[in-house]
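One structure is given below, encoded as structure tokens.
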Amino acid sequence: MPKADINKAGWEQSEFPILCETCLGPNPFIRMSKQEFGRSCGTCARPFTVFRWNPGSGARYKTTVICQTCAKVKNVCQTCLLDLEYGLPTQVRDTALAIQNEAPTSDINREYYAQNMENKMEDGNQSLMQVGTRATSAGKEMLKQLARTNPYYKRNRPHICSFFVKGECNRGDECPFRHEKPVENALSQQNIQDRYHGNNDPVARKILANHSEAQGLKPPEDENVTSLFLSSLPASATELSIRTDVINSLPQIPSSQLRSVVHVAKSRCAFINFKDRYSAERAAEAWANGLDMDSERVHVKWGRSKGPSKSATPTAGPSAVPAPA
């Protein structure tokens, strides 16, 4: 329905927010306030309808931080920005399903992109995550193992009292905030943009790292090891097909970071060599449950270290020699 004011064209009006079960709270009867064009979206910067409510007793008031268009594009909650189906950060889901993030992050293009996505979803009114995804069996299995099926209401607790941290709070038990000492770590440094776009999300990094270690892909202590070993390759696999499958399964890693692919057809194995350790670790996290090639599951292991170098001067590039574990 067109707006009366042409300057408000593209602004969002809605009757109810898109929320996960945790943010909505355990109480089936809640009072929710609604404010049209109450704030700008945290991702596309367009004004949208803001909802505010209290999930339950002992919880803090929660509010929506992104518009419904951005929430539908990524299939996430408007408040916590977690996936509505699996309850996981978008970086974990996109890594497992090999989804390429197409949303722009610049101020110039993000509003234009949001308007185009809104026009595409007008007919079906469904998330674009359901269309065109390269979901493999290994990725689906990984998400099933990591999925949070039960609500976690502890996430709705009040924030820490800043006056208590300074030692100046005199309200005692009547204080609506928590009287705890804050923990300073990477998990406390989060922002909306990284959570939504799945870039350098500390929560997602921790989940993926713990899962890869549980699957036997703990990164070796030698930082020079930047190679992964693939075994049980399909008989029809070639160096080109392996390279293609590797690049397609790692959309968040630039193809330029792949140094080389060494295929040993006789042993049906391959060595995937990356240019840096960061890319190798991200690949190991994405392939924690294996890599699917031609409907066959390929096993993944870290390469072996070359060992201590006899030369006092370090050489440029990785010094790892991948070998079957």
Side-chain angles (χ1 to χ4, degrees), residues 18-24 43 66 70-103 126-155 186-187 190 192 194-219 228 230 232 245-253 272 279-302:
I18 300 175
L19 302 173
C20 62
E21 187 176 355
T22 299
C23 291
L24 196 57
T43 57
I66 63 173
C70 293
K72 290 177 181 179
V73 168
K74 284 282 191 176
N75 192 35
V76 296
C77 172
Q78 282 188 264
T79 299
C80 65
L81 306 186
L82 296 180
D83 183 77
L84 293 173
E85 182 177 357
Y86 301 102
L88 297 170
T90 57
Q91 184 173 345
V92 176
R93 180 201 62 197
D94 295 351
T95 299
L97 299 181
I99 297 176
Q100 175 67 44
N101 181 26
E102 299 178 352
Q126 64 176 352
S127 170
L128 294 184
M129 296 298 302
Q130 302 174 5
V131 182
T133 57
R134 298 187 298 270
T136 61
S137 60
K140 292 180 179 179
E141 180 181 337
M142 178 178 174
L143 288 180
K144 288 181 180 179
Q145 295 176 356
L146 296 175
R148 302 170 178 174
T149 56
N150 297 324
Y152 184 66
Y153 297 124
K154 190 177 179 181
R155 204 170 65 219
L187 299 180
Q190 303 181 46
I192 295 177
D194 289 345
R195 170 63 63 86
Y196 180 80
H197 294 288
N199 298 324
N200 299 323
D201 185 357
V203 177
R205 289 283 303 275
K206 182 178 180 181
I207 293 175
L208 291 172
N210 292 340
H211 180 68
S212 62
E213 290 184 11
Q215 298 296 322
L217 282 176
K218 182 179 180 179
L228 294 174
L230 307 183
S232 303
D245 290 336
V246 167
I247 294 176
N248 290 338
S249 64
L250 303 172
Q252 297 180 349
I253 299 178
I272 312 299
S279 300
E281 291 182 357
R282 301 293 81 76
E285 293 171 355
W287 300 337
N289 287 73
L291 177 63
D292 288 343
M293 291 185 181
D294 296 337
S295 302
E296 295 186 22
R297 185 68 58 85
V298 176
H299 302 288
V300 182
K301 294 182 180 180
W302 275 96

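Under the 4.5 Å side-chain criterion, counting only non-hydrogen atoms from C-beta, Asn200 is not in contact with Gln91. In this structure the side chain of Leu146 never reaches within 4.5 angstrom of the side chain of Tyr86, judged on heavy atoms. With a 4.5 Å cut-off on side-chain heavy atoms, Leu291 and Ser249 count as touching. Using a 4.5 Å cut-off on side-chain heavy atoms (C-beta onward), Arg148 and Ile207 make contact. Side-chain contact check for Leu208 versus Glu281: every heavy-atom pair is 4.5 Å or farther apart. No side-chain heavy atom of Asp83 sits under 4.5 Å from any side-chain heavy atom of Thr90. Inter-residue side-chain proximity for Arg93 and Glu85 is flagged as unmet; no heavy-atom pair is nearer than 4.5 Å.
Considering CD1 of Ile192 and CG of Leu81, their distance stands at 6.5 Å, rounded to 0.5 Å. Rounding to the nearest 0.5 Å gives a distance of 11.5 Å between CG of Asp194 and CZ of Arg205. Atom SG of Cys23 sits about 11.0 Å away from atom CD of Glu21, to the nearest 0.5 Å. Asn210 contributes atom CG, which lies 11.0 Å from atom NZ of Lys218 (distance to the nearest 0.5 angstrom).
With respect to the salt-bridge test (charged N to carboxylate O, under 4.0 angstrom), the residues Glu285 and Arg282 qualify.
Gln78 places a side-chain N or O within donor-acceptor distance of the main-chain N or O of Ile18, the cut-off being under 3.5 Å. A donor-acceptor contact shorter than 3.5 Å links the side chain of Arg195 to the backbone of Cys80. With hydrogens and angles ignored, the 3.5 Å screen pairs a side-chain donor or acceptor of Arg297 with a backbone N or O of Asn289. Panel note: side chain Thr22, backbone Tyr152; a donor-acceptor pair is recorded below 3.5 Å.
Contact detail for Ile272 and Leu230: the closest heavy-atom pair is CG1-CD1, 3.7 Å. Between Pro89 and Asp201 the shortest heavy-atom distance is CB-OD2, 3.6 Å. Across every non-hydrogen atom of Leu19 and Cys77, the tightest pair is CA-SG, 3.7 Å. Nearest approach of Ala286 to Thr95, heavy atoms of both residues: CB-CG2, 3.5 Å. The shortest non-hydrogen separation linking Ser137 to Asp292 is OG-OD2, 2.6 Å. Of all heavy-atom pairs between Tyr196 and Cys70, the closest is OH-O, 2.7 Å.
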Quick one, Gln215 with Met142, criterion side-chain contact (heavy atoms from CB on, under 4.5 Å). Give me CA distance, side-chain angles, the key distance, then yes/no. CA-CA 10 Å; Gln215 298 296 322; Met142 178 178 174; over 6 Å; no

